[in-house]
Structures are given as C-alpha cells and as structure tokens.
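Only one structure is covered here, and it is reproduced in the block below.
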Amino acid sequence: MVDDHGSHRRHSAGTIGQDEDRHVHYRHPALVALEAEITHDNGISPSRNIYFMDGANRFISLPTMMGHASRATSHVARVFEQWLQDKLGYQSTLMADRLPILEDSVDLLAEDIMNKLKSRSSVRGLTGVRKLLIHVRAGHVYSLDQLDNAAMPPLSADMLDFFQQFPLFIETTIFVTTSADTNGLHTTSPSSPVIDDAVPVLITLENMTSNPNDPYYLYEDVPLVV
C-alpha cells in the first residue's frame, strides 16, 4: 500500500502493525477512526486557544467562546504555550528572513510538539490521561474566516490595528479523555489492545497555506515514565 506521503506501508484494517512501532506519521485508517472516536464523544469538552504572532518572537493569546478547560487540558495547553514561546524565541536568535511556524515544515513542527509532550515536565501532568488529541492550525489572519465561528475571538474596530501588529495565528483544539471518562477501563490504542504505561497521542497539523483541509497526522504512544 502507498500512503498519503508516498511511503509503502502494510497494516491491518483496524490496527497499526507491529512493524510500524508506536510512531505513525501518515493518515492511517486507524488514526482517522481514533480521531473520529474522540471528536464525536459528547462527554469530552474540547479546549480551544488562538495565539496571534507578530512574525518575530511575540505572541498573545485571546480567549475563544468554545470549551471548558479541565486540569488535563489546561496542562496540555500550558505545555503547548511553553513550546510556542521556546520556538519563537529560538527562531528570533537565528535572525532568519522567514516567518516562524508558517514557513516551517509541518512534519518537523508536529515532531517538535510531540517531543515537547514527551518531556519530563509534560509527562508528569499526563497521569490519568487515557487519550490525547491535539488539532493545530496555523495561518495568516486573512484566513481566519475559514475557521469555525466558535474559534473566533470577539472582533471590534480596534482588532484591525491589532491584526497589523500580530498578522499570524496558531490555533489549538485539545481533546482529552481521562480515567474518569472511561470508568477506569484499560487504555487501548491503535497499536496495542491494552496499554497502561503510555498515553496514545495524536497530533494533526494544518497550515492554512501549504496543506489546507489536508492535515498532517502524527501518532505516538507516549510513555508515562521517562
């Protein structure tokens, strides 16, 4: 079989093969099913954040009208925000003539976010998490109208001046299932029938310029012990 990125892979219809280990970076049918399972679960309240960037190392977060942040989603949001701060800070030291995030490769960005989630400080806050899904979308403010209305911050005339200072955005929607949501049942993942020592993590990343409506998928079972 040839996947969406041109790689030849073999897998069963519903699970990820052992040869693919715990790390998958294309739109495997099992990952699409996992994404649908989580996003269509009415018991999960997603948390959405929009960060506006100035194209250098400054960013600001504006509240959205969607989602109620639980302890777990708040932790993941803080981890992502720390990643974004580090990413933009490092980018500014390079003095490169390129836009951060928007002109970066989506696969490398997804890998970078996953590595941040696997860090010791992040893993400590994932205890009790059964599954984690993070949708990431980035673009120029002119593409904001392509987002769901629920993602839009309240707009006013002053926002035009704001958008001139912060013309880029990155949006995250975080879905978390916990042990309370699953009534203490064992965690399952697309790569294993039962895993109690890791958290299935799926990141989808969409650049509104380079891969609109065709998000890059990255999946990994993140160990809870580092």
Side-chain angles (χ1 to χ4, degrees), residues 3-5 7 9 16 20-41 44 46-51 53 67 69-70 72-88 100-102 104-123 125-126 129-139 147-148 151 169-178 187-192 195 198-224 226:
D3 63 43
D4 293 342
H5 294 271
S7 300
R9 301 248 178 188
I16 295 169
E20 293 168 301
D21 202 7
R22 291 184 167 190
H23 191 107
V24 182
H25 56 83
Y26 66 100
R27 196 177 298 189
H28 190 294
L31 300 188
V32 176
L34 174 65
E35 179 184 22
E37 172 194 336
I38 296 176
T39 55
H40 294 156
D41 187 337
I44 300 176
S47 174
R48 181 171 283 174
N49 296 286
I50 299 184
Y51 305 91
M53 304 173 290
S70 65
T73 55
S74 294
H75 169 71
V76 175
R78 286 193 298 271
V79 171
F80 181 87
E81 190 165 319
Q82 184 61 57
W83 169 82
L84 181 59
Q85 180 176 326
D86 294 344
K87 173 70 176 175
L88 297 181
I101 309 296
L102 266 66
D104 290 327
S105 168
V106 291
D107 55 339
L108 294 181
L109 285 175
E111 289 273 6
D112 208 19
I113 296 170
M114 185 69 79
N115 287 334
K116 184 66 176 180
L117 289 169
K118 290 160 58 178
S119 66
R120 185 180 301 273
S121 60
S122 170
V123 167
L126 296 180
V129 173
R130 288 294 183 255
K131 295 175 183 176
L132 171 60
L133 166 64
I134 306 176
H135 285 163
V136 182
R137 291 189 289 188
L147 303 184
D148 301 334
F169 77 89
I170 185 166
E171 174 214 25
T172 63
T173 308
I174 302 168
F175 300 80
V176 173
T177 63
T178 65
T187 298
T188 60
S189 85
S191 63
S192 176
I195 54 169
V199 177
V201 176
L202 175 60
I203 296 173
T204 72
L205 204 152
E206 180 180 354
N207 185 318
M208 304 298 282
T209 300
S210 63
N211 64 322
N213 302 313
D214 184 26
Y216 178 85
Y217 281 53
L218 179 64
Y219 170 84
E220 190 166 345
D221 290 335
V222 173
L224 290 174
V226 293

Below 4.5 Å, heavy atoms only, C-beta onward: do Thr39 and Thr173 meet side chain to side chain?
-> no
Roughly how far, to the nearest 0.5 Å, is the CG atom of Leu108 from the CG atom of Leu218?
-> 11.0 Å
Ring pair (Phe, Tyr, Trp, His ring centres under 6.0 Å) filter on His75, not counting sequence neighbours, yields none
Please lay out, stage by stage, how Ser122 and Ser119 fare under the test side chain to side chain donor-acceptor pair (under 3.5 Å).
-> CA-CA 5 Å; Ser122 170; Ser119 66; 4.8 Å; no
Lys118: which of Val201, Ile113, Val199, Val222 passes side chain to side chain contact (heavy atoms under 4.5 Å, CB included) = Val222
State, to 0.1 Å, how close Asp221 and Pro200 come at their nearest heavy-atom pair, and which atoms those are.
-> OD1-CA, 3.6 Å
Quick one: side-chain hydrogen bond (donor to acceptor under 3.5 Å, both in side chains) partners of Glu206, sequence neighbours excluded?
-> none
So how far is it from Met208 CE to Glu171 CD, rounded to the nearest 0.5 Å?
-> 8.5 Å
Determine, step by step, whether Ile101 and Phe169 satisfy the side-chain contact (heavy atoms from CB on, under 4.5 Å) criterion, reporting the C-alpha distance in whole Å, the side-chain angles of both residues, the deciding distance to 0.1 Å, and the verdict.
-> CA-CA 9 Å; Ile101 309 296; Phe169 77 89; over 6 Å; no
With sequence neighbours excluded, residues passing side-chain hydrogen bond (donor to acceptor under 3.5 Å, both in side chains) with Gln82 = Asp86
side-chain contact (heavy atoms from CB on, under 4.5 Å) between Leu34 and Leu133, intermediate numbers included | CA-CA 9 Å; Leu34 174 65; Leu133 166 64; over 6 Å; no
Rounded to the nearest 0.5 Å, what separation is found between the CG atom of Asn115 and the CD atom of Glu220?
-> 7.5 Å
Heavy-atom closest pair, residues Val176 and Ala72 = CG1-CB, 3.7 Å
Look at the side chain of Asp41 and the backbone N and O of Glu37, then say whether any donor-acceptor pair between them is shorter than 3.5 Å.
-> no
With rounding to the nearest 0.5 Å, note down the distance linking CG in Asp104 to CG in Leu109.
-> 4.5 Å
Look up atom CE in Met53 and atom NZ in Lys87, then write down how far apart they are to the nearest 0.5 Å.
-> 10.5 Å
Where Met114 and Tyr219 come nearest, the two heavy atoms and their spacing = CE-C, 4.1 Å
Name of the residue among Phe175, Tyr217, Tyr216 meeting ring-ring contact (aromatic ring centres under 6.0 Å, His included) with His135 = Phe175
CD1 on Ile170 to CZ on Phe80, rounded to 0.5 Å | 3.5 Å
Heavy-atom closest pair, residues Pro100 and Leu88 = CB-CD2, 3.6 Å
Note: Leu205 and Asn211 closest approach over all heavy atoms is O-ND2, 3.2 Å
What residues, two or more places apart in sequence or in another chain, satisfy side-chain contact (heavy atoms from CB on, under 4.5 Å) together with Ser210?
-> Val106, Asn207
Is the closest side-chain heavy-atom distance between Glu81 and Thr172 below 4.5 Å?
-> no
Across all chains, not counting sequence neighbours, the salt bridge (Lys or Arg N to Asp or Glu O under 4.0 Å) partners of Asp112 are none
With side chains defined as the heavy atoms from C-beta onward, is the minimum distance between Val129 and Leu224 less than 4.5 Å?
-> no
